[in-house]
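Predicted model, so just to flag it, every value in this text is computed and none were measured. A note on names: the letters A, B, ... follow the listed sequences, proteins ahead of strands, and every chain is numbered from 1.
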Protein chains: 4
Amino acid sequence: MTIEDVQNRPDARNMPINKVGIKDIRHPFVFVDKNGHEQATVGTFNMSVNLPHHQKGTHMSRFVALLNEDCQQISLQNFSVLLEAMTHKLEADVGYISAEFLYFINKSAPMTGVKSLLDYQIKLAGQWSKEETRINITVVIPVTSLCPCSKKIADYGAHNQRSHITVSVATNGDLFAEDIITLVEQQASSELFSLLKRLDEKHVTELAYDNPKFVEDVVRDVANALNKESKVLSYVLEAENFESIHNHSAYAVIENNKST
Amino acid sequence: MTIEDVQNRPDARNMPINKVGIKDIRHPFVFVDKNGHEQATVGTFNMSVNLPHHQKGTHMSRFVALLNEDCQQISLQNFSVLLEAMTHKLEADVGYISAEFLYFINKSAPMTGVKSLLDYQIKLAGQWSKEETRINITVVIPVTSLCPCSKKIADYGAHNQRSHITVSVATNGDLFAEDIITLVEQQASSELFSLLKRLDEKHVTELAYDNPKFVEDVVRDVANALNKESKVLSYVLEAENFESIHNHSAYAVIENNKST
Amino acid sequence: MTIEDVQNRPDARNMPINKVGIKDIRHPFVFVDKNGHEQATVGTFNMSVNLPHHQKGTHMSRFVALLNEDCQQISLQNFSVLLEAMTHKLEADVGYISAEFLYFINKSAPMTGVKSLLDYQIKLAGQWSKEETRINITVVIPVTSLCPCSKKIADYGAHNQRSHITVSVATNGDLFAEDIITLVEQQASSELFSLLKRLDEKHVTELAYDNPKFVEDVVRDVANALNKESKVLSYVLEAENFESIHNHSAYAVIENNKST
Amino acid sequence: MTIEDVQNRPDARNMPINKVGIKDIRHPFVFVDKNGHEQATVGTFNMSVNLPHHQKGTHMSRFVALLNEDCQQISLQNFSVLLEAMTHKLEADVGYISAEFLYFINKSAPMTGVKSLLDYQIKLAGQWSKEETRINITVVIPVTSLCPCSKKIADYGAHNQRSHITVSVATNGDLFAEDIITLVEQQASSELFSLLKRLDEKHVTELAYDNPKFVEDVVRDVANALNKESKVLSYVLEAENFESIHNHSAYAVIENNKST
């Protein structure tokens, strides 16, 4: 029995499609980090390719087959191999993959040294064609921000809150999530920890009070650090403070494409 | 032409259904508050009824018809009328409606008096049968919480953050969202405002520092106030602090059914 | 008493900021549509401006003041006025506002003509500078898609599902949400309705079966219609099918900037 | 240096707290399933205990310490051990833990047998006291539903869509997620797969058309199967159809406590 392949029919509308594929498919894999350490996690994947004007449809099931066969282990290094393999398997010119997942770092509390895992959202996004490969890594780093205005005008105390600093970086392949996280946490009023003993809590409370920063200060100081880092080709950097005195956020964005 | 009504067929499985209906339908309406003031908003509605064992299906389109015909204006008072009308229209014994929406209060900043709207999530949920009508109102009140431990152990400063206090109250019909909001905001380290001038920001910063409260303190103090309020028949009260020094929340729950 | 204005201090880091402002503030307003009809709704707003390198901080409270004073009524026409007013009030060169909200159309069922409201997500996003004003309108249109492959290869039936078609259009100011919705719904396997009688359900079931479309067909046919519409300067068009036979989506994207 | 332990102070408000602890903390772990197979995943945990009236605060950091020390591996069997250990560590009478995570099953396509992973959301929730241990397991099973009314009244085709069947079961400890998934998938119009070849797509299209079910039919048929399963002590069962012809869901609920 032959079943007609409707997707393979010719198409007469003369309309190429930028991206076609699958979206929001969950998949477990092992993420290999900077030092080759392996960490099991669960990702949400988007996979797509371009479609030339003369082809009616893409081969949707091949994306899923690739995910199930070749995506047991992902690192910044093998991500471009995966992109190229997918683009060939789909008989396309340009291929796109993005994978979002949680990544954990086993941090030491600042005074007692007690260990605990902190979670960071990571998104790897790549684009492959014969001409070039582009890899972008986005990390959401949760930190503490303490308001300089509140500290200055109040006789005591200062409002502070959790903030998200989101850094999306185009890299030549040698910059790792851990590097970005370290770079960012040094510029916050304080970094976060899952587990703090009382001595640690005293430390981070005073540290934040000693380092008041507006949302404007945070993006400027992180941008300054990203500008000095030669492995960063371009970046989009956002800071969002979930204000403890308002029901909305303060936020700021700096973009920089070093090649232009 | 007659079209068979499949839902009206008899059913032989001998299995009554607790609730059947529609979920997550958006609908614009005017909410009438305590003082008869009208406020236009957009709600997300769930509507359902019980289904006796002998009936194959309910009349899904009647829920939507009722929403479009009879839900232009909703108040705590007419909510039970709506519940009864729906239950009769669906030829059922028990009917359920819930509506979630944003409600705004035009607040005055504490020192300058400058006005701005603050948003609160409200959920009205009711159940009607010939024997009894139950109406529950749930309000999420965003506030500031400041940590007593951090204040005590640090030489200066204290971590603080936005918190959600969620109060779900069964009432005899005379308790309004505004009453619950006022009662709760008085027990927080500080209430929130959308617009604060520098004098106001100084005030709320110092106020929060003067009123440090653990998540345990907040639920205890709000519970104490709810216990004294005779219009409250029973309640579930939750507090969640989006900790500024961690990437997780602290939370606490107190439940009380005064009739038992 | 004078309170120091910390934000107004000079800044020595030599780092201009692309955007700084407020994010995710909820605000009720009246949306004025194509025919001047008014519809009350609740929006989520982002408001920001650029910040020159020499200024430490922006004036966060002015955004909130503007929202509370000047945003009672919003139309495609007055959105650029609002953008300009905000940019001046913040003493900036470039200003950005986005507002997301639900918009309802009172649709007639295809056979019985019975009326019901259907909700569409709209996002207005604008950018103002002395040189130019750009307004973008994004609409999410929920529709039915029916799979041509499934129809062709099965002896009976065909899998179908709800899909989202998201159209983001840069316009010269004369293109309305209603126009985009009408244009898109004509290209789907079938449009959606909140209320359908049995005769209507028969109609949309057969209509979808008579109009099978891959996610690729939908984006091509909508792109073709957008290309013919002279009020559209450029667009990004996405279709996402929440596949009824998978636990992930099929999706496709076509972008076109007519001026290039 | 001694740092005062503010949480350990006495409390005079005479107000016990039902639950106090931590919420929405992410943690990676290995889930051990029915056959002892291990699957690495990432969970979102809530952990809490009761607090007697005389104690000011609980020991928040002990929850995080326990998670980091004792939660590398979780099974239905060791979950009660974890609950008891936590309750003792917090010096409390009643302890509560919930963990939500994605679980994957490697399914075979119905005709070609090609393998692919499908994801299911699982929530383990337990409560421990000296008197009793209660363990609840909730599984969200995505399936296809096809409308019997649409099939009956249309000359051809039938609307169908993705649905979520959510089963929350109290069990004596011998019922596994896989058992619930198998039981539920047999009652749907069709089960879902991530990867289907054309022969498989033909099969599931025709299978769904041959098994039309209202949301009412699905809950009745699943309830019937749960009633026959002696390892199920009580259950709450919900079905939600993300209707392909509407922009809202149809849903139904059956609850049964066999012991009453």
Side-chain angles (χ1 to χ4, degrees), chain A residues 102 104-105 107 109-110 116-121 140-147 149-164 188-212 241-249, chain B residues 102 104-105 107 109-110 116-121 140-147 149-164 188-212 241-249:
Chain A
L102 286 183
F104 292 85
I105 294 184
K107 302 180 77 170
S116 64
L117 295 171
L118 193 70
D119 57 306
Y120 301 86
Q121 282 176 264
V140 182
I141 298 116
V143 300
T144 304
S145 62
L146 186 138
C147 179
C149 172
S150 172
K151 174 180 173 178
K152 181 76 189 174
I153 65 184
D155 291 341
Y156 38 82
H159 80 80
N160 54 77
Q161 55 269 318
R162 205 187 297 163
S163 303
H164 279 177
S189 293
S190 171
E191 57 182 304
L192 302 190
F193 300 89
S194 290
L195 182 46
L196 294 170
K197 299 284 188 185
R198 283 202 300 283
L199 265 174
D200 303 309
E201 186 168 352
K202 174 180 162 61
H203 175 82
V204 297
T205 300
E206 294 170 357
L207 179 68
Y209 195 82
D210 288 334
N211 284 286
N241 294 355
F242 305 102
E243 299 284 291
S244 66
I245 61 171
H246 300 305
N247 201 23
H248 61 262
S249 297
Chain B
L102 287 184
F104 291 86
I105 293 185
K107 301 181 78 169
S116 65
L117 295 171
L118 192 70
D119 58 306
Y120 301 87
Q121 282 176 263
V140 181
I141 298 116
V143 300
T144 304
S145 62
L146 187 138
C147 179
C149 172
S150 172
K151 174 180 173 179
K152 182 77 189 174
I153 67 184
D155 292 341
Y156 38 82
H159 80 81
N160 53 76
Q161 54 269 319
R162 206 187 297 163
S163 302
H164 279 178
S189 293
S190 172
E191 58 183 302
L192 302 190
F193 300 89
S194 290
L195 182 46
L196 293 171
K197 298 286 188 184
R198 283 202 299 284
L199 265 173
D200 303 310
E201 186 169 351
K202 174 180 161 62
H203 175 83
V204 297
T205 301
E206 294 170 356
L207 180 69
Y209 195 82
D210 288 334
N211 283 287
N241 294 355
F242 305 101
E243 299 284 292
S244 66
I245 61 171
H246 299 306
N247 201 22
H248 61 262
S249 296

For this session: Grab the two heavy atoms, one from B/Thr205 and one from A/Ala154, that are nearest each other, plus how far apart they are.
Result: CG2-CB, 3.6 Å
Problem set entry | B/Asn247 side chain to A/Ile141 backbone, donor-acceptor under 3.5 Å | no
Exercise. Quick one: side-chain contact (heavy atoms from CB on, under 4.5 Å) partners of B/Lys107, sequence neighbours excluded?
Worked result: B/Ile105, B/Leu118, B/Tyr120, B/Glu185, B/Glu191, B/Phe193
Seminar exercise, completed: The interface call for B/Ser150 against chain A, heavy-atom contacts under 4.5 Å, is both
Exercise. Does any N or O in the side chain of A/Asp155 come within less than 3.5 Å of the main-chain N or O of B/Lys202, such that one atom is a donor and the other an acceptor?
Worked result: no
Seminar exercise, completed: For A/Cys149 and B/Arg198, the nearest pair of non-hydrogen atoms, with its separation, is SG-CD, 4.1 Å
For this session: Give a yes or no answer on whether the side chain of A/Gln161 reaches the backbone of B/Arg162 with a donor-acceptor pair at less than 3.5 Å.
Result: no
Exercise. What part of A/Thr144 gets closer than 4.5 Å to chain B, counting heavy atoms only: side chain, backbone, both or neither?
Worked result: both
Seminar exercise, completed: The side chain to side chain donor-acceptor pair (under 3.5 Å) partners of A/Ser163 (sequence neighbours excluded) come to A/Ser145, A/Asn241
Problem set entry | Distance (rounded to the nearest 0.5 Å) between B/Ile245 CD1 and A/Asp200 CG | 9.5 Å
Problem set entry | Minimum side-chain heavy-atom gap B/Glu201-A/Cys147 below 4.5 Å | yes
Problem set entry | Minimum-distance pair of heavy atoms, taken over all atoms of A/His246 and B/Leu196 | CE1-CD1, 3.9 Å
For this session: Return the minimal non-hydrogen interatomic distance between B/Asn160 and A/Ser244, and the atom names on each side.
Result: OD1-OG, 3.1 Å
Exercise. Got more than 12 heavy atoms from elsewhere within 6.0 Å of CD, A/Glu206?
Worked result: yes
